[in-house]
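Computed from heavy atoms alone, side chains included, the values below leave out hydrogens, waters and symmetry copies. In the text below, chain A, chain B and the rest are named by the order of the sequence lines, each starting its count at 1.
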Amino acid sequence: MKSVWNKILKVDLTNGTCGPEDLSDEVYEKFLGGAGMTAYMLWRESPRGTTTFDPANRLTFAPGPMQGIKQTGAAKWTAGAISPSFHLNADSAATASFGIEIKEAGYDAIVVHGRSDRPVYVVVDDDKVEIKDANDIWGKNAYEAEDGIKEAEGDKFECVTIGQAGERLVRYANIQTRKKSFLGRCGLGAVMGSKLLKGIAVRGSQSVSVHDPQEIDRINKQINKRLIEMDNEKEDWLQIKRVGTAMATELFAPQGNLPIKNYRLADFPPGVKTHHASNYVKELNAKPWPCQYCVIQCHNLCEIKEGPYAYKGKGPEYESFAMVGFNTMVDDVKAVAYACELANLYSLDTISLGVVIAWAMESYEKGVITKDDTYGLDLTWGNAEAMVEMVRKIGLRADGLGYLLGEGCKIASERLGMGSEDWAVQMKGQEIAAHNWRAQYISALNYCTGVASGPNHERGNSQHIWVGHIKLPEWGIDEVENEERWSWENAADRNAKFHDYCNVINSACHCKFMEFRGYTLTDLCNTINAATGMGWSLEDLRLCGDRITQLQKLLNIRYGWKKADDFNFPKRFMEPVDSGPAANRVPVGLEDAIMDYYRERGWDEEGKPTMAKLKEVGLEDFAE
Amino acid sequence: MKAFINCKAKEFKEGTRFIEVVKLIREAKKDEPMIQTIVKKTGKDNIVFVLNGRVVKTHEYESFEIKEGDDIRWVHPYFGG
């Protein structure tokens, strides 16, 4: 098979050894790479009984077959392990150039296991691999750690690093690269921290050979032209390279999709005004900050020149400012951007962060915690200074509330008690993202049934059938009425297709944002074929997604998933808001919809894959 | 004559101009909340149309007829998140 090396790098931190290992074509034909590869590595090497901070937990960094083709969107890559927050299979994707560099170093994945007896970082320089002492950068934030590694090894290395929150095992600690992109969800930064692994630096000089370079070139030119022209057809504030995902603010409000006041309110006009795209660009001096090969350019480089929130760096994405801003009712866009950048420095996932701070604010409002618990901070809704200070307390795992909030709101609410579990908006231990289930019931179904990475808006982004008008026409999802937002009819089928779609794209390692600009499943299939020579049909693509979903389910069963976990959704799911487009909408019937989803997937009444289903997707030998 | 709109086959009369397809799609989308927001703010829906992989510019809509087997897609203006 082309576009892969048939080789991975194994790093054993317990014994301090590293070395390559061959991998057969069959693994790529079944699971592609990326998220499929990380799940496969867990299946192969982390047996039943393996826990999150166990040395046997495999932390795999994997590009896919698209990382050697220089296509817009193909800077994506994935990492995976057992999650510290929900203790099941987890993967998360980032971008920039780290995945491309792994590929150019001659590997299809870096698989880390064991635990070092001292802080270390790993240097991969083509086939030369070393484990080095990280004492000088341990305790530093994630960006300082990247600077430290580059100072020691050279600027040409691409790095991933963690900050203090990763070292101190905050359960939603992320991993950063290039000070701009993040493996945000599911706490993989804490897995690195548990292994005393501060960072990985990679440099490569090799080009993987592809099946049909001329066809790749033709596809790339056509897609680049289409995506660029697409943006040019629009108003300024709808152009990605001008505002990134900030355009979502004004468009989500009329749909009732924003998370406001710990998901209790329908609207927040001051927030809509200040987090609006044009204000975002003006206040934050936002400029495009593209990833390698990308023509869309959604990332922003921001600069606040003066005041308490002065910084220059990554501008917050929709999920970040929605959770840290709207959900805490902070309408100061500079404070929110600064808080998000602090989170990036410490290695905190901004989605979980926004939920846990909102949970603490609601606890404060209800008198469950007081200033005695909050370091004297007045943790009222909308208090920007208090919100920013809480980010510091969590990032550094300060004694008391800061430490507790670093556990996530499931554990925090269980420890605090006094009814606070009722407003902990989480499932299985992971906080819910910035797509409101009241605006489209399928979001609730996705959060309950997702197997790739816990409740996760990006591992089954079916909300975008309505929210972003993303369809999968090649797989039969096309015309959908607005009113169907609040219907369960076809929800199981649509949810399954979006789960499989996300698995395919996270395993091929391509950016889902391209689809918002007219990159189609046909484009994806044609590109995979031109790269690998596999000659897949659109049905083969679906089969691959289905297979990866089934493998993830098998892993979750191995690591302790129970059917009841899918039904233990947040109490807030069934609490309506009293105004706005989603007024009085709650996903009644969700339990039946979950069962429908099980049947759609070929799972039994207990939510487990049947042997017939496993045979259908070629996983009969993977059953336990 | 059959052409495909987002992969779904649809019958059209011979000689159907592209602008007629654009109008058909716009009419079907006009009541959607996000489209209404965008129209209210900008005066137009900002939907972009793609024909056989190529973006069709607004000034081209009236200038040609669709053909048998054309792959027509429409793309919503929203992005990301």
Side-chain angles (χ1 to χ4, degrees), chain A residues 222-223 225-235 237-240 243-257 296 298 317-319 322 434-435 439 457 464 466-479 481-482 512-513 515-518 520-523 581, chain B residues 2-12 18-19 21-64 69-81:
Chain A
Q222 185 194 55
I223 289 169
K225 185 169 189 291
R226 188 194 318 157
L227 269 54
I228 290 168
E229 286 182 356
M230 184 90 53
D231 224 21
N232 291 342
E233 285 292 294
K234 296 188 172 64
E235 306 281 324
W237 70 280
L238 286 164
Q239 290 189 13
I240 306 157
V243 300
T245 55
M247 72 173 66
T249 299
E250 192 174 20
L251 301 177
F252 284 7
Q255 301 187 70
N257 190 51
I296 276 187
C298 72
E317 309 286 344
Y318 165 70
E319 288 288 333
H435 290 284
H457 72 293
H464 282 311
W466 295 276
V467 173
H469 289 256
I470 299 297
K471 310 295 195 304
L472 302 174
E474 288 92 336
W475 288 354
I477 302 178
D478 180 21
E479 290 305 311
E481 297 298 320
N482 186 55
K512 285 194 282 294
F513 279 13
E515 278 69 8
F516 287 108
R517 277 298 171 267
T520 65
L521 274 176
T522 303
D523 293 325
Chain B
K2 267 194 186 124
F4 294 86
I5 300 181
N6 282 5
C7 298
K8 194 174 276 183
K10 195 168 172 57
E11 283 290 340
F12 291 96
F18 190 74
I19 183 71
V21 182
V22 168
K23 283 178 182 168
L24 195 74
I25 293 168
R26 285 191 159 144
E27 176 65 21
K29 302 292 146 199
K30 69 179 171 51
D31 293 330
E32 290 177 356
M34 200 192 296
I35 293 292
Q36 287 179 336
T37 304
I38 292 167
V39 171
K40 193 173 166 188
K41 189 173 177 68
T42 68
K44 56 182 185 178
D45 57 28
N46 279 270
I47 291 173
V48 178
F49 296 88
V50 180
L51 174 65
N52 300 325
R54 189 182 69 84
V55 170
V56 184
K57 309 275 176 54
T58 308
H59 69 267
E60 298 173 322
Y61 291 169
E62 300 198 51
S63 64
F64 64 94
D70 272 350
D71 176 14
I72 301 162
R73 309 224 184 190
W74 61 270
V75 182
H76 193 272
Y78 168 69
F79 169 81

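Using a 4.5 Å cut-off between heavy atoms, B/Thr37 touches chain A through its side chain atoms alone. Contact annotation for B/Asn52: only backbone heavy atoms (N, CA, C, O) come within less than 4.5 Å of a heavy atom of chain A. Neither the backbone nor the side chain of B/Ile47 comes within contact range of chain A, judged by heavy atoms closer than 4.5 Å. Within the 4.5 angstrom heavy-atom criterion, atoms from both the backbone and the side chain of A/Glu250 approach chain B. Of the atoms belonging to A/Glu233, heavy atoms from both backbone and side chain fall under 4.5 Å from chain B. Looking at A/Lys471, only its side chain comes within 4.5 Å of chain B, counting heavy atoms on both sides. Proximity to chain A (any heavy atom under 4.5 Å) is shown, for B/Val55, by both the backbone and the side chain.
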Under the salt bridge (charged side-chain N to carboxylate O under 4.0 Å, His left out) criterion, do B/Glu27 and B/Lys23 qualify, and how do the steps go? CA-CA 6 Å; B/Glu27 176 65 21; B/Lys23 283 178 182 168; over 6 Å; no
Could you walk me through whether B/Lys29 and B/Asp45 pass the salt bridge (charged side-chain N to carboxylate O under 4.0 Å, His left out) check? CA-CA 9 Å; B/Lys29 302 292 146 199; B/Asp45 57 28; over 6 Å; no
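Checking side-chain atoms of B/Glu60 against main-chain N and O of B/Lys57 turns up a donor-acceptor pair under 3.5 Å. Judged by distance alone, with hydrogens and angles left aside, the side-chain atoms of A/Tyr318 form a donor-acceptor pair with the main-chain N or O of A/Ala434 at under 3.5 Å.
Side chain to side chain, A/Glu319 and A/His457 meet the donor-acceptor criterion of an N or O pair below 3.5 Å. Side chain to side chain, B/Glu32 and B/His76 fail the donor-acceptor criterion of an N or O pair below 3.5 Å.
For B/Arg73 and A/Glu474, the salt-bridge test passes: some basic side-chain N is under 4.0 Å from an acidic carboxylate O.
Contact count against chain A (heavy-atom pairs under 4.5 Å) is highest for B/Asn46 among B/Val75, B/Val48, B/Asn46, B/Ile38. With respect to chain A, the highest number of heavy-atom pairs below 4.5 Å among B/Val50, B/Ile5, B/Thr42, B/Thr58 belongs to B/Thr42.
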